[in-house]
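Note sheet for the following structure.
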Amino acid sequence: MESSTFILFGATGDLAKRKIYPALYHLFVEQKLPPTFSLIGLGRREWSDELFRANVKQSLLQFSRREAKDPALLNAFLRAFRYCILDAGHIEDYRKLLRLIEQREAELGLSPNRLFYLSVGPEFFDTIAANIRESGLGSADGWKRLVIEKPFGHDLQSARDLNRKLNQAFEEHEIFRIDHYLGKPMVQKLEVLHQTDPVLRELWTNRRIANVQITANETVGVEERAGYYDHAGAVRDMFQNHMLQLLMMLAVHFPNDNTSGNARLKKKKVMEVLEPLQKQEASANVIRGQYKEGSVQGKPVTAYTSEPGIDHASMNDTFIAAKLRIDDSFWGETPFYIRTGKRMREKSTRIVIEFKDTETPASPTKDGSRAPNLLVIEIGPGEGITLHFDKKRPGQKEQVIPIPVDFPANGDDVPEAYENLIFDALRGDPAFFAHWDEVELSWKWVQPILEAFEENLVPLRPYAAGTYGPVESDKLLAEDGFHWWLDAEPEQEPDIKKGEHYAYHTNH
Ligand SMILES: NC(=O)C1=CN([C@@H]2O[C@H](COP(=O)(O)OP(=O)(O)OC[C@H]3O[C@@H](n4cnc5c(N)ncnc54)[C@H](OP(=O)(O)O)[C@@H]3O)[C@@H](O)[C@H]2O)C=CC1
Ligand SMILES: O=C1O[C@H](COP(=O)(O)O)[C@@H](O)[C@H](O)[C@H]1O
């Protein structure tokens with residue numbers, strides 16, 4: 001990997017502390033950072049280099065999945081860190097930054113390769129990109145890259161406007177749009193999943209697949225993000241980006257070669273044939289929900305509209321479920337159901353592929369007497385792929401037996417999404433970043449839903465916290481003779497796997 005400078009806007013913020021420093025440290029320990037590496041952290045806070053390093057060290061002790069106790073290793077890592085005070089809107093601060101970068105490049109003998117990571121609120125994205133260009137920070141002889149956090153726009157028009165502005169400073173191949181779901185190890189396997197195993201290859205035909213269910217349940221509520229979330233809702237926060245990326249990754253079904261350009265092209269093709277939904281059709285295909293008070297994992301929790309910072313009359317969606325169709329020769333007959341919500345019964349992100357029962361084509365039941373075969377892809381927390389067969393054991397009634405197909409090679413030591421993504425950005429591999437074409441097509445698909453929500457054409461359905469969302473979400477599948485798989489029965493304890501949820505402690 002070529003030597004480079006990592007320029008981190010928002011170095012004093014929450015994301016940097018929780019995700020970026022631990023990810024960089026793991027890469028350092030695994031010798032996956034360039035041999036000569038310089039990091040310059042930026043923020044308005046008047047921190048010295050020492051205070052900055054102390055904060056980074058603290059974040060590693062708190063959030064690193066690896067022991068960060070070896071002082072020699074830690075010091076070697078922190079030696080690369082410098083801090084520079086910068087206000088995003090002050091052009092003179094960028095000139096000062098340029099001098100510091102050049103000084104470090106000279107000291108360390110670094111090539112002028114520069115990665116600009118924008119871990120700041122979206123309101124700064126265009127200003128920072130413009131100031132990078134204006135100040136000459138991006139005009140050195142080496143490469144330049146822009147890593148940009150979500151949210152990428154608020155709707156189709158704002159996303160287009162933002163992209164146009166970014167393109168004045170960076171070309172598309174230089175822009176790395178983070179969707180952290182694309183960094184999850186199991187998600188990275190999706191596009192080649194059916195090729196890795198002969199049984200799966202055999203099963204992977206449209207004659208056999210009855211439907212696909214993509215779920216991202218969260219137990220957390222709005223947390224401290226009222227200002228952002230109450231204007232985003234589940235549709236913008238999760239559906240437009242993470243959920244549609246999961247759909248794309250699963251639906252690209254013929255990648256014999258998986259060079260990055262190709263995989264992204266195939267994802268674009270999926271979005272191009274995703275049947276558009278008209279605003280008037282939204283209420284028949286989309287369920288919009290909001291959590292009321294209830295109990296999550298034994299703890300009473302308040303209703304969304306009683307959360308701090310949320311308008312008591314808010315009509316914001318904390319849950320969305322939708323039925324989608326991909327209009328191509330492979331998936332044309334197969335409905336995709338997607339749902340995601342906050343304050344659900346358990347934390348689980350998974351894809352379930354339900355297979356047709358060609359011998360007894362009657363609708364499968366949920367009472368254990370007869371169940372269709374399922375392919376279950378657990379994305380988090382905890383990863384794994386299992387085939388669930390309906391099997392009769394001697395002397396026992398029929399029961400479903402999950403058979404493992406694949407588990408992560410590293411057991412519990414699964415790399416964090418951010419680790420994978422930062423590594424890829426540093427080596428310039430865009431495969432698991434969202435290309436503008438995908439982002440634009442996703443916003444285009446979602447735009448009628450945004451408008452239907454805005455105009456109240458889709459009723460807002462209440463659901464008790466600690467459930468699986470509004471009952472209407474079950475009806476969406478029941479209309480087609482299906483139901484959501486693997487939801488715990490009311491009297492059953494959900495299978496809560498270990499692993500921390502993605503916690504946010506920020507006011508954006
Ligand atoms: N936190 C998370 O887990 C996640 C966050 N994100 C996204 O990451 C980005 C950052 O989020 P997060 O870290 O939570 O936000 P925080 O509010 O915690 O941090 C914001 C950062 O921006 C800096 N900043 C604010 N105003 C300015 C300014 N005028 N000029 C220069 N720097 C400024 C702050 O530094 P200072 O105060 O020193 O100026 C701080 O470092 C957002 O786009 C968010 O949507 C995405 C996924 C997860
Ligand atoms: O991007 C986001 O993702 C998290 C969920 O991420 P996960 O990795 O824990 O599944 C979500 O809580 C947050 O609201 C959203 O902005």
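Ligands are counted one by one from 1 in listed order, and the atoms in each one are counted from 1 as well.
Note on ligand 2: Glu223 sits outside its first shell, no heavy atom being nearer than 4.0 Å.
Taking every heavy atom of Ser119 and a limit of under 4.0 angstrom, the matching atoms of ligand 1 come to 9 (C), 10 (C), 21 (C). Residue Phe124 approaches ligand 1 through these ligand atoms, each under 4.0 Å from one of its heavy atoms: 25 (C), 26 (N), 27 (C), 28 (C), 29 (N). Contact atoms of ligand 2 toward Lys347: 7 (P), 9 (O), 10 (O) (distance under 4.0 Å to a heavy atom of the residue). Proximity to Leu86 (heavy-atom distance under 4.0 Å) selects the following atoms of ligand 1: 30 (N), 31 (C). Every atom of ligand 2 with a heavy atom of Lys342 under 4.0 Å away is listed here by number and element: 11 (C), 12 (O), 13 (C), 14 (O). Every atom of ligand 1 is numbered from 1 in the order shown, and the set under 4.0 Å from a heavy atom of Pro151 is 45 (O). Within the listing of ligand 2, atoms 13 (C), 14 (O), 16 (O) sit less than 4.0 angstrom from a heavy atom of Arg225. Set against the non-hydrogen atoms of Asp237, the atoms of ligand 2 under 4.0 Å away are 13 (C), 14 (O), 15 (C), 16 (O). Heavy-atom contacts of Lys184 reach the following atoms of ligand 2: 7 (P), 8 (O), 10 (O) (cutoff under 4.0 Å). Using a 4.0 Å cut-off to heavy atoms of Arg45, the atoms of ligand 1 that qualify are 35 (O), 36 (P), 37 (O), 38 (O). In the vicinity of Gly43, heavy-atom distances shorter than 4.0 Å reach the ligand 1 atoms 38 (O), 39 (O). Within ligand 2, the atoms closer than 4.0 Å to a non-hydrogen atom of Met238 are 2 (C), 3 (O), 11 (C), 15 (C), numbered from 1 in the order shown.
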Let me have the donor-acceptor pairs involving side chains of residues 303-310, under 3.5 Å, with sequence neighbours excluded, atom names and distances please.
unit_1: Tyr304; atom_1: OH; unit_2: Asp230; atom_2: OD1; d: 2.5
unit_1: Tyr304; atom_1: OH; unit_2: Asn316; atom_2: ND2; d: 2.9
unit_1: Glu307; atom_1: OE2; unit_2: Tyr291; atom_2: OH; d: 2.5

Pair up each side-chain donor or acceptor in residues 95-104 with any protein partner under 3.5 Å, not counting sequence neighbours, and list the distances.
unit_1: Lys96; atom_1: NZ; unit_2: Ile85; atom_2: O; d: 2.8
unit_1: Gln103; atom_1: NE2; unit_2: Glu107; atom_2: OE2; d: 3.0
unit_1: Arg104; atom_1: NH1; unit_2: Glu107; atom_2: OE1; d: 2.8

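Close N/O approach between Val120 and ligand 1 is found [any backbone or side-chain N/O within under 3.5 Å]. On a distance-only criterion, Tyr228 and ligand 2 share no N/O pair closer than 3.5 Å. The shortest N/O to N/O separation between Tyr181 and ligand 2 falls below 3.5 Å. Polar contact check, Lys150 against ligand 1: a nitrogen or oxygen pair lies under 3.5 Å apart. When only interatomic distances are considered, the shortest N/O to N/O separation between Leu42 and ligand 1 does not fall below 3.5 Å.
Using a distance-only test at 3.5 Å, with no hydrogens or angles considered, a donor-acceptor pair links the side chain of Arg53 to the main chain of Phe81.
Nearest-heavy-atom check against atom 28 (C) of ligand 1 across Arg225, Glu149, Arg18, Arg44 picks out Arg44.
Aromatic pair Tyr117/Phe9: centroids not less than 6.0 angstrom apart.
In this structure, Lys144 forms a cation-pi arrangement with Phe170, its terminal cationic atom sitting closer than 6.0 Å to the ring centre and no more than 45° off the ring axis.
Residue Asp179 is tested with Gln245, His242, Lys184 for a side-chain hydrogen bond (donor to acceptor under 3.5 Å, both in side chains); the sole match is His242. Of the residues listed (Arg164, Arg177, Arg145), the one engaging Glu172 in a salt bridge (charged side-chain N to carboxylate O under 4.0 Å, His left out) is Arg177, and it is the only one.
Salt bridge status for Lys268 with Asp437: present, with a side-chain N to carboxylate O gap under 4.0 Å. Between Arg225 and Glu223 there is no salt bridge, since no side-chain nitrogen of the basic residue lies less than 4.0 Å from a carboxylate oxygen of the acidic one. Using a cut-off of 4.0 Å between Lys/Arg side-chain N and Asp/Glu carboxylate O, Arg160 and Glu440 are scored as salt-bridged. With respect to the salt-bridge test (charged N to carboxylate O, under 4.0 angstrom), the residues Arg339 and Asp487 qualify.
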What do the steps show when you test Arg45 against Asn55 for side chain to side chain donor-acceptor pair (under 3.5 Å), and what is the final call?
CA-CA 12 Å; Arg45 269 163 251 196; Asn55 273 277; over 6 Å; no
